[in-house]
Engineer: 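Below is one structure. I have some questions about it.
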Amino acid sequence: MEPHDMSQVAIKDALSGRIEAGTTVTIKGWVRTRRDSKAGLSFVNVSDGSCFDPIQVVAPAELANYDSEVRHLTSGCSVSATGTLVPSQGKGQAFELQAAAIEVLGWVDDPETYPIQPKPHSMEFLREVAHLRVRTNTFGAVTRIRHCIAQAIHRFFSERGFYWVNTPIITTSDAEGAGQMFRVSTLDLANLPRDEKGRIDFREDFFGREAFLTVSGQLNVEAYCLAMSKVYTFGPTFRAENSNTTRHLAEFWMVEPEIAFADLDDDANLAEAFLKYIFKAVLDERGDDMAFFADKIEKTAIRRLESFIASPFERIDYTDAVDILAKAPRKFDFPVAWGADLQTEHERYLTEEHVGRPVVVTNYPEHIKSFYMRLNEDGRTVAAMDVLAPGIGEIIGGSQREERLDVLDARMKQFGLDASHYEWYRDLRRYGTVPHAGFGLGFERLVVYICGLGNIRDAIPYPRAPGSAEF
RNA sequence: UCCCGAGUAGCUCAGCCGGUUAGAGCACCUGACUGUUAAUCAGGGGGUCGUCAGUUCGAGCCUGACCUCGGGAGCCA
């Protein structure tokens with residue numbers, strides 16, 4: 001609130017009933033629609049992002065600029081409206097602003113080509129105008145819910161004694177094994193320095209060695225876990241995979257809790273409590289936005305969150321899951337066999353058809369999972385888990401970490417990793433090692449699921465994907 | 001990266017068997033109308049049919065290449 005304008009209020013507050021009727025207030029925002037009434041007055045719906053609903057500003061013909069300006073307002077114009085907050089005489093809203101003055105702050109050049117019209121737009125079109133799409137109902141709601149989820153994540157962990165650890169965005173670990181990485185370099189691409197063998201000489205580069213954008217904060221956060229006991233990362237993550245799907249981004253946000261003195265069971269329990277806490281927070285705090293998604297985007301949006309919260313997660317051992325799939329009364333495009341990773345169609349069958357609620361699949365074959373996952377007593381599986389949810393598939397992947405140095409070394413050798421690149425990681429097993437576990441959750445996938453969106457590119461303000469980094 | 005599909009007005013789409021001047025709804029502009037809320041009603045303006053090449057007397061429509069977008073798969077979060 002500006003000091004010179006103490007009467008300015010957020011539209012959220014003006015509509016909530018917290019401000020006494022008859023109070024003179026000023027609202028500032030952007031015009032959604034204008035309707036001219038036969039009574040010689042206009043209704044201007046104004047939005048400022050503070051809540052789902054716009055406020056209805058009633059503009060009487062007596063306003064000095066009624067004919068010259070008010071009657072020419074179009075979607076997207078910015079305005080400041082001052083008047084009396086009154087109970088609405090019309091249906092559709094409890095309060096409205098009886099305007100005494102409307103100042104136009106910014107006009108829309110060429111209203112006909114202004115991309116955001118008061119009509120349904122396709123999500124595909126809106127992706128082309130990412131800087132303006134947040135002015136729509138849908139993306140305003142996504143933005144508020146994304147914020148709500150982020151706040152709930154921090155609150156969940158903080159309430160349980162977790163510390164938020166900011167792991168580095170730039171990494172020099174060249175073999176994290178989580179996929180293609182984006183190179184970070186200040187070398188002149190047109191004039192690369194060469195070493196004695198003719199290879200690019202990264203000793204000349206900014207960090208004196210090869211550097212990349214992080215693909216996961218896990219290894220770094222493990223170190224903090226083994227001192228702070230309960231920690232989590234929540235930050236940007238980068239994958240240079242050439243994957244063009246509704247579930248992948250080149251730049252996304254990831255949440256990675258890590259807990260010490262914990263096994264896979266504790267990890268799964270944490271994942272379950274975590275997801276339920278987030279969903280409950282969204283239902284409690286963003287009922288207006290969720291009602292919109294249930295109405296316009298995904299009919300079951302609210303119901304399935306309520307159902308998710310009320311359902312205990314099913315736990316299925318990977319080996320049992322393979323049996324279930326082998327006996328499934330339907331055919332799969334990909335064969336089911338012990339030792340093979342579960343395909344998307346398998347995961348969806350398990351969670352959507354076989355169980356009908358969230359499923360945690362545990363103890364996968366060791367050769368299809370990462371080197372840091374703890375080898376089970378059977379010697380052929382690791383303490384890994386995937387949380388599968390109806391309608392989205394895999395939403396969380398996690399594991400108990402290998403805390404035994406000799407086993408870890410053997411695993412790294414098996415995976416063809418150079419132990420010299422992991423000395424600091426090995427130190428964690430040499431100095432006071434303890435059982436610990438954690439998981440990773442793609443933040444945007446959570447947003448997609450909660451809002452009922454069909455494409456992850458609509459869950460982040462400015463999506464980055466192969467061949468796509470505009471704005 | 002692979003497999004499908006689609007590009008026509010600002011947006012969403014129609015466009016017959018290849019045939020005269022490419023249409024509709026919304027949006028926009030003008031006007032009418034005693035409180036509207038997807039306001040309504042009347043009128044109006046608005047097009048390099050993704051790009052390039054080809055077939056043909058004639059291409060929005062057929063052929064090829066390319067570009068872009070979408071869906072699915074793989075990879076994964």
Side-chain angles (χ1 to χ4, degrees), chain A residues 32-46 53-61 71-72 74-76 86 88-93 96 98 108-129 132 136-137 177-180 214-218 233 236-256 296 333-334 341-345 347 368-370 386-389 392-398 439-449 454-460 465-468 470:
Chain A
R32 284 294 180 80
T33 59
R34 187 199 84 238
R35 295 176 297 279
D36 300 321
S37 152
K38 27 189 171 181
L41 72 166
S42 293
F43 300 94
V44 184
N45 277 15
V46 178
D53 289 315
I55 191 170
Q56 172 162 285
V57 176
V58 183
R71 288 203 5 117
H72 300 284
T74 58
S75 296
V86 297
S88 180
Q89 297 175 35
K91 295 173 182 173
Q93 59 281 318
E96 63 190 19
Q98 192 70 41
V108 166
D109 287 348
D110 191 8
E112 184 173 0
T113 57
Y114 177 62
I116 309 301
Q117 299 168 0
K119 56 162 283 187
H121 285 102
S122 68
M123 299 295 266
E124 292 82 5
F125 168 70
L126 290 172
R127 262 169 234 148
E128 297 172 8
V129 286
L132 297 175
T136 64
N137 283 333
Q180 288 290 109
T214 184
V215 293
S216 165
Q218 181 200 314
T233 72
T237 309
F238 307 86
R239 302 277 168 89
E241 301 286 344
N242 188 16
S243 49
N244 208 308
T245 78
T246 56
R247 301 183 304 284
H248 292 85
L249 290 167
E251 175 184 286
F252 63 100
W253 286 59
M254 190 152 65
V255 179
E256 297 168 292
K296 302 291 188 194
D333 293 335
F334 290 84
D341 210 353
L342 300 182
Q343 299 293 316
T344 301
E345 59 174 345
E347 295 179 340
I368 59 172
K369 291 293 184 179
S370 301
D386 282 352
V387 178
L388 315 177
I392 189 171
E394 182 186 335
I395 189 166
I396 280 178
F439 63 78
L441 166 116
F443 183 58
E444 284 76 17
R445 288 187 178 178
L446 197 56
V447 176
V448 164
Y449 184 69
N455 193 315
I456 200 166
R457 298 182 189 199
D458 301 323
I460 191 168
S468 177
E470 220 187 329

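Everything numeric here is computed off the predicted structure, so don't read it as measured data. In what follows, chains carry the letters A, B, and so on, assigned in the order in which the sequence lines appear, proteins first and then strands, with residues in each chain numbered from 1. Excluded from the calculations below are hydrogen atoms, water molecules and symmetry mates; all remaining heavy atoms, backbone and side chain alike, are included.
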Engineer: Residues two or more places apart in sequence or in another chain: which of them pass salt bridge (charged side-chain N to carboxylate O under 4.0 Å, His left out) with A:Arg127?
Structural biologist: A:Asp458

Engineer: Report yes if a side-chain nitrogen or oxygen of A:Arg35 is closer than 4.0 Å to either non-bridging phosphate oxygen (OP1 or OP2) of B:U36; otherwise report no.
Structural biologist: no

Engineer: Using a cut-off of under 3.5 Å, enumerate the N/O to N/O pairs linking the protein to nucleotides 45-47 of chain B.
Structural biologist:
unit_1	atom_1	unit_2	atom_2	d
B:G45	N2	A:Glu112	OE1	2.7
B:G45	N2	A:Glu112	OE2	2.5

Engineer: Using a 4.0 Å heavy-atom cut-off, does A:Asn455 contact any base of the nucleic acid, only the sugar-phosphate backbone, or nothing at all?
Structural biologist: sugar-phosphate

Engineer: Please report, rounded to the nearest Å, how far the P atom of B:C69 is from the CG atom of A:Leu126.
Structural biologist: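 Between P of B:C69 and CG of A:Leu126: 16 Å.
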
Engineer: Which listed nucleotide (B:U36, B:C29, B:C76) is nearest to the side chain of A:Gln93?
Structural biologist: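 Among the listed nucleotides, the one closest to the side chain of A:Gln93 is B:U36.
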
Engineer: Are any protein N/O atoms closer than 3.5 Å to N/O atoms in nucleotides 22-26 of chain B? If there are, list each pair with its distance.
Structural biologist:
unit_1	atom_1	unit_2	atom_2	d
B:G25	N2	A:Lys119	NZ	3.4

Engineer: Which listed nucleotide (B:C76, B:A73, B:U12) is nearest to the side chain of A:Phe334?
Structural biologist: B:A73

Engineer: Could you tell me whether the side chains of A:Asn137 and A:Arg32 share a donor-acceptor contact shorter than 3.5 Å?
Structural biologist: yes

Engineer: CZ of A:Arg247 versus P of B:G72: gap in Å, rounded?
Structural biologist: 7 Å

Engineer: In whole Å, what is the span from the CG atom of A:Asp341 to the C1' atom of B:G74?
Structural biologist: 12 Å

Engineer: Taking all atoms of both residues into account, what is the closest heavy-atom pair of A:Ala459 and A:Glu444, and its distance?
Structural biologist: CB-O, 3.6 Å

Engineer: Compare the minimum distances between each of B:C29, B:G72, B:U37 and the side chain of A:Thr246, then state the nucleotide with the smallest one.
Structural biologist: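 Comparing B:C29, B:G72, B:U37 against the side chain of A:Thr246, the answer is B:G72.
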
Engineer: Between B:G70 atom P and A:His248 atom NE2, what is the distance in whole Å?
Structural biologist: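 Those two atoms, NE2 and P, are 16 Å apart.
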
Engineer: Using atom P in both nucleotides, what's the gap between B:G25 and B:U51 to the nearest angstrom?
Structural biologist: 26 Å

Engineer: If I take atom CZ in residue A:Arg32 and atom P in nucleotide B:A27, what distance separates them, rounded to the nearest angstrom?
Structural biologist: 16 Å

Engineer: Quick one: which of B:U12, B:G70, B:C76 gets closest to the side chain of A:Phe125?
Structural biologist: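 Of all the options, the side chain of A:Phe125 is nearest to B:U12.
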
Engineer: Just the table, please: protein N/O against nucleotides 50-52 of chain B N/O, every pair under 3.5 Å.
Structural biologist:
none

Engineer: How many whole angstroms separate atom CD of A:Glu394 from atom C1' of B:A73?
Structural biologist: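 The distance from CD of A:Glu394 to C1' of B:A73 comes to 16 Å, rounded to the nearest Å.
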
Engineer: Rounded to whole Å, please give me the gap between CD1 in A:Ile55 and C1' in B:U37.
Structural biologist: 14 Å

Engineer: Under 4.0 Å between a side-chain N/O of A:Asn45 and OP1 or OP2 of B:U37, yes or no?
Structural biologist: no

Engineer: Looking at B:U37, I'd like to know if its phosphate oxygens (OP1 or OP2) sit under 4.0 Å from a side-chain N or O belonging to A:Thr33.
Structural biologist: no

Engineer: Over all strands shown, is A:Ser243 touching base, sugar-phosphate only, or nothing at heavy-atom distances under 4.0 angstrom?
Structural biologist: base

Engineer: Identify which nucleotide among B:U12, B:U1, B:A73 has an atom closest to any side-chain atom of A:Gln343, counting heavy atoms from C-beta outward.
Structural biologist: B:A73

Engineer: Can you sort out the partners of A:Arg34 under salt bridge (charged side-chain N to carboxylate O under 4.0 Å, His left out), two or more places apart, ordered by chain and number?
Structural biologist: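 Salt bridge (charged side-chain N to carboxylate O under 4.0 Å, His left out) check on A:Arg34 returns A:Asp36.
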
Engineer: Under a cut-off of 3.5 Å for both distances of each Watson-Crick or G-U pair, what dot-bracket string does RNA chain B give, using [ ] for crossing pairs and | for inter-strand pairs?
Structural biologist: (((((((..((((.....[...)))).(((((.......))))).....(((((..]....))))))))))))....

Engineer: What is the nucleic acid contact for A:Gln98, judged by heavy atoms within less than 4.0 Å: base, sugar-phosphate only, or nothing?
Structural biologist: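 Since a base atom lies under 4.0 Å of A:Gln98, the category is base.
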
Engineer: A:Phe43 has an atom CZ; how far is it from atom P of B:U40, in whole Å?
Structural biologist: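 That distance rounds to 15 Å.
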
Engineer: Taking the same atom, C1', in B:C26 and in B:G46, what whole-Å distance lies between them?
Structural biologist: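 Result for the C1' pair: 14 Å, nearest Å.
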
Engineer: Report which part of the nucleic acid A:Ser42 touches: base, sugar-phosphate, or nothing (heavy-atom distance under 4.0 Å, all strands).
Structural biologist: nothing

Engineer: Using a heavy-atom cut-off of under 4.0 Å over every strand shown, decide if A:Glu251 touches base, sugar-phosphate, or nothing.
Structural biologist: nothing

Engineer: Would you mind telling me which of B:C28, B:C33, B:G70 lies closest to the side-chain atoms of A:Arg127?
Structural biologist: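 Per side-chain heavy atoms of A:Arg127, the pick is B:G70.
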
Engineer: Taking only the P atom of each, what is the distance from B:G50 to B:A59 in whole angstrom?
Structural biologist: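 Rounded to whole Å, the distance is 15 Å.
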
